[in-house]
Enquirer: 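Following this message is one structure expressed as structure tokens.
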Amino acid sequence: MPELPEVESLRRILARTAVGRTIERVRIAEPRLRRKVAHGFAAGVEGRRILRLGRRAKYLIIELSDGAAMLVHLGMSGSLTHRGIDFDAAEFAARHDHLEFALDDRTRLVYNDPRRFGLIRLVPRGELPSTPELAGLGPEPLSAAFNAEYLARIARGRRAAIKNLIMDQRVVAGIGNIYASEILFRAGVRPTRRAARVARKELERIVAASAPILRAAISSRGTTFRSYRDAEGQPGRFAPRLMAYGREGKPCRVCGSLIRNVVVGQRASFFCPRCQR
DNA sequence: CTTACATCCTGATTGC
DNA sequence: TGCAATCAGGATGTAA
């Protein structure tokens with residue numbers, strides 16, 4: 001389940017291995033992702049060089065030499081792996097390898113996504129800031145713009161659960177179900193609390209907890225809970241450090257109480273009944 | 001504006 | 001053992 005740390009890990013790997021390469025050919029085996037890959041996509045990408053790799057929220061941004069940018073979202077089950085096999089020899093594409101980008105060093109980038117919740121789109125030069133996917137996003141949780149004052153302003157009058165609030169990409173961009181649970185655990189706040197009822201001090205703890213958790217997860221190259229793999233096909237190493245997510249019925253690593261799982265906003269939400277109030 | 005919920009999709013897991 | 005039901009949850013669209 002790729003969230004900010006997984007996408008950031010992907011960006012860092014590809015920044016080392018793919019920047020400077022020219023995309024010689026694009027093969028589209030299955031264009032039906034969350035939205036259908038546009039007709040002119042391959043023609044708009046082929047022949048361009050990869051200039052730079054960026055990230056916004058859970059979106060990977062592949063900047064191309066003509067000023068356009070590829071926007072990649074991995075959805076729930078997507079992966080973008082850098083494979084060292086010749087494009088021509090890639091006849092045995094794995095199941096759910098939907099797009100392949102042949103690079104000029106005879107390696108290829110392969111987009112695989114069993115559930116096809118992902119998105120790949122070419123954004124014309126200069127249109128990135130106004131593109132619908134990015135335009136409404138809230139601040140990056142690793143930026144100074146995500147602070148307690150900001151969060152307090154958003155939370156005011158909101159009946160939604162605090163966990164829904166920090167998973168709302170318009171509020172803060174890049175946090176998904178796993179890290180929302182981890183952040184609230186560290187902050188000592190129950191995921192079910194109504195946002196407006198969360199005290200200023202607690203909001204401060206939520207903000208303060210966010211960056212260290214996300215940074216630690218990036219250092220571990222993300223969390224592999226089930227199937228996530230990074231650009232080199234490796235699982236993330238953060239899972240053993242999860243305090244709450246996926247630990248239902250197991251003892252809290254801090255106090256020993258049993259971690260509970262409740263549904264908040266149609267999503268599993270794990271918390272410690274003693275550490276989180 | 002805010003909130004709630006269905007929708008897309010496949011694979012892993014659970015239940016009988 | 002096999003098969004069907006359930007769960008997983010990214011973002012989005014619609015309804016209330």
Side-chain angles (χ1 to χ4, degrees), chain A residues 1-10 29-37 55-61 71-80 93-99 111-121 123 131-138 140-141 151-184 191-198 214 217 222-230 235-236 239 242 244-249 260-271:
Chain A
M1 303 150 201
E3 304 179 28
L4 185 153
E6 290 73 30
V7 180
E8 178 62 20
S9 299
L10 177 63
E30 174 54 87
R32 293 172 302 169
L33 305 183
R34 168 151 54 101
R35 287 212 299 271
K36 197 161 184 257
V37 176
R55 180 192 58 75
R56 176 77 171 101
K58 304 172 191 172
Y59 288 92
L60 181 72
I61 298 166
L71 204 56
V72 180
H73 195 294
L74 301 177
M76 267 289 296
S77 58
S79 66
L80 190 61
R95 197 160 154 73
H96 306 305
D97 279 355
H98 303 317
L99 281 85
Y111 181 76
N112 181 292
D113 187 358
R115 291 166 73 175
R116 309 209 310 265
F117 280 13
L119 175 87
I120 297 190
R121 204 165 77 75
V123 181
T131 205
E133 289 86 354
L134 304 186
L137 291 173
E140 288 284 319
L151 193 55
R153 184 155 45 80
I154 302 277
R156 190 166 301 144
R158 293 284 285 263
R159 292 180 47 79
I162 184 66
K163 175 157 174 282
N164 288 347
L165 206 68
I166 64 173
M167 285 179 63
D168 186 335
Q169 303 300 298
R170 295 166 299 188
V171 173
V172 55
I175 298 171
N177 205 35
I178 293 177
Y179 297 106
S181 282
E182 294 304 298
I183 287 165
L184 291 174
T192 47
R193 297 264 304 279
R194 305 269 185 200
R197 308 284 296 272
V198 178
L214 296 172
T223 300
T224 292
F225 194 73
R226 283 197 172 79
S227 59
Y228 167 79
R229 292 291 181 278
D230 71 17
L242 294 174
Y245 186 85
R247 301 196 67 248
E248 180 181 11
R260 287 167 56 181
N261 176 8
V262 294
V263 173
V264 180
Q266 296 174 292
R267 271 135 184 80
S269 305
F270 301 88
F271 71 97

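In what follows, every chain begins at residue 1, and chains take the letters A, B, ... in the order their sequences are listed.
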Enquirer: Kindly say if A:Arg170 contacts the phosphate of C:dA11, meaning a side-chain N or O under 4.0 Å from OP1 or OP2.
Expert: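 No, no such contact exists.
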Enquirer: Respond yes when some side-chain nitrogen or oxygen of A:Arg34 is under 4.0 Å from OP1 or OP2 of B:dC9, and no when none is.
Expert: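 It does not, given that no N or O in the side chain of A:Arg34 lies less than 4.0 Å from OP1 or OP2 of B:dC9.
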Enquirer: Of all the nucleotides listed (B:dA6, C:dG10, B:dG11), which has the minimum atom distance to the side chain of A:Pro114?
Expert: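 Per side-chain heavy atoms of A:Pro114, the pick is B:dG11.
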Enquirer: Looking at CZ of A:Arg56 and CD of A:Glu133, how far apart are the two atoms once the value is rounded to the nearest 0.5 Å?
Expert: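 It is 12.5 Å, given to the nearest 0.5 Å.
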Enquirer: Consider the side chain of A:Ala268, meaning its heavy atoms from C-beta on, and name the nucleotide among C:dG10, C:dA8, B:dT3 that approaches it most closely.
Expert: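 For A:Ala268, the side-chain atoms sit closest to C:dA8.
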Enquirer: Base, sugar-phosphate or nothing for A:Arg267? Non-hydrogen atoms, less than 4.0 Å.
Expert: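 Base contact.
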Enquirer: Could you state the atom-to-atom distance from CZ of A:Arg159 to P of B:dA4 in whole Å?
Expert: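 Value for this atom pair: 8 Å.
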Enquirer: Can you measure A:Arg156 atom CZ to B:dT2 atom P for me and round it to whole angstrom units?
Expert: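 The distance from CZ of A:Arg156 to P of B:dT2 comes to 13 Å, rounded to the nearest Å.
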Enquirer: Measure CD/A:Gln169 against C1'/C:dG13 and give the value in whole Å, please.
Expert: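 Atom-to-atom, A:Gln169 to C:dG13, this comes out as 17 Å.
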Enquirer: Using whole Å, report how far CE of A:Met76 lies from P of B:dA12.
Expert: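 In whole Å, B:dA12 P and A:Met76 CE are 13 Å from each other.
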Enquirer: Using OP1 and OP2 only, check whether a side-chain N or O of A:His96 sits under 4.0 Å from B:dT10.
Expert: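 No, because none of the side-chain N or O atoms of A:His96 sits under 4.0 Å from OP1 or OP2 of B:dT10.
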Enquirer: How are the rings of A:Tyr245 and A:Phe270 set to each other: parallel, tilted or perpendicular (split at 30° and 60°)?
Expert: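 Rings of A:Tyr245 and A:Phe270: perpendicular, over 60°.
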Enquirer: What nucleotide among B:dT2, B:dG11, B:dC9 has an atom nearest to a side-chain atom of A:Arg116?
Expert: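 Nearest to the side chain of A:Arg116 among the choices is B:dC9.
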Enquirer: How long is the gap from CZ on A:Arg197 to CZ on A:Arg159, to the nearest 0.5 Å?
Expert: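 Those atoms lie 9.5 Å apart.
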Enquirer: Quick check: do A:Tyr59 and A:Val7 have side-chain heavy atoms less than 4.5 Å from each other?
Expert: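 A:Tyr59 vs A:Val7: side chains apart.
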Enquirer: I need the NE2-C1' distance between A:His73 and B:dC9, as an integer number of Å.
Expert: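 Rounded to the whole Å, the gap is 15 Å.
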Enquirer: Would you indicate what A:Tyr179 reaches in the nucleic acid, counting non-hydrogen atoms under 4.0 angstrom: base, sugar-phosphate, or nothing?
Expert: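 No contact.
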Enquirer: Can you check the A:Lys58 NZ to C:dG10 P distance for me, whole Å?
Expert: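 So the NZ-P distance, A:Lys58 to C:dG10, works out to 5 Å.
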Enquirer: Given atom CD of A:Glu3 and atom P of C:dA8, what is their separation to the nearest angstrom?
Expert: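 Computing the A:Glu3:CD to C:dA8:P distance gives 15 Å.
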Enquirer: I need the A:Met167 CE to A:Asn177 CG distance, nearest 0.5 Å.
Expert: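 If I round to the nearest 0.5 Å, the distance is 4.5 Å.
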Enquirer: Suppose we call a contact any N or O donor and acceptor under 3.5 Å apart; does that hold for the side chain of A:Arg115 and the base of B:dC9?
Expert: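 Answer yes: a donor N or O sits under 3.5 Å from an acceptor.
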Enquirer: May I have the distance from A:Leu4 (atom CG) to C:dG10 (atom C1'), rounded to whole angstrom?
Expert: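 Going from A:Leu4 (CG) to C:dG10 (C1'), I get 14 Å.
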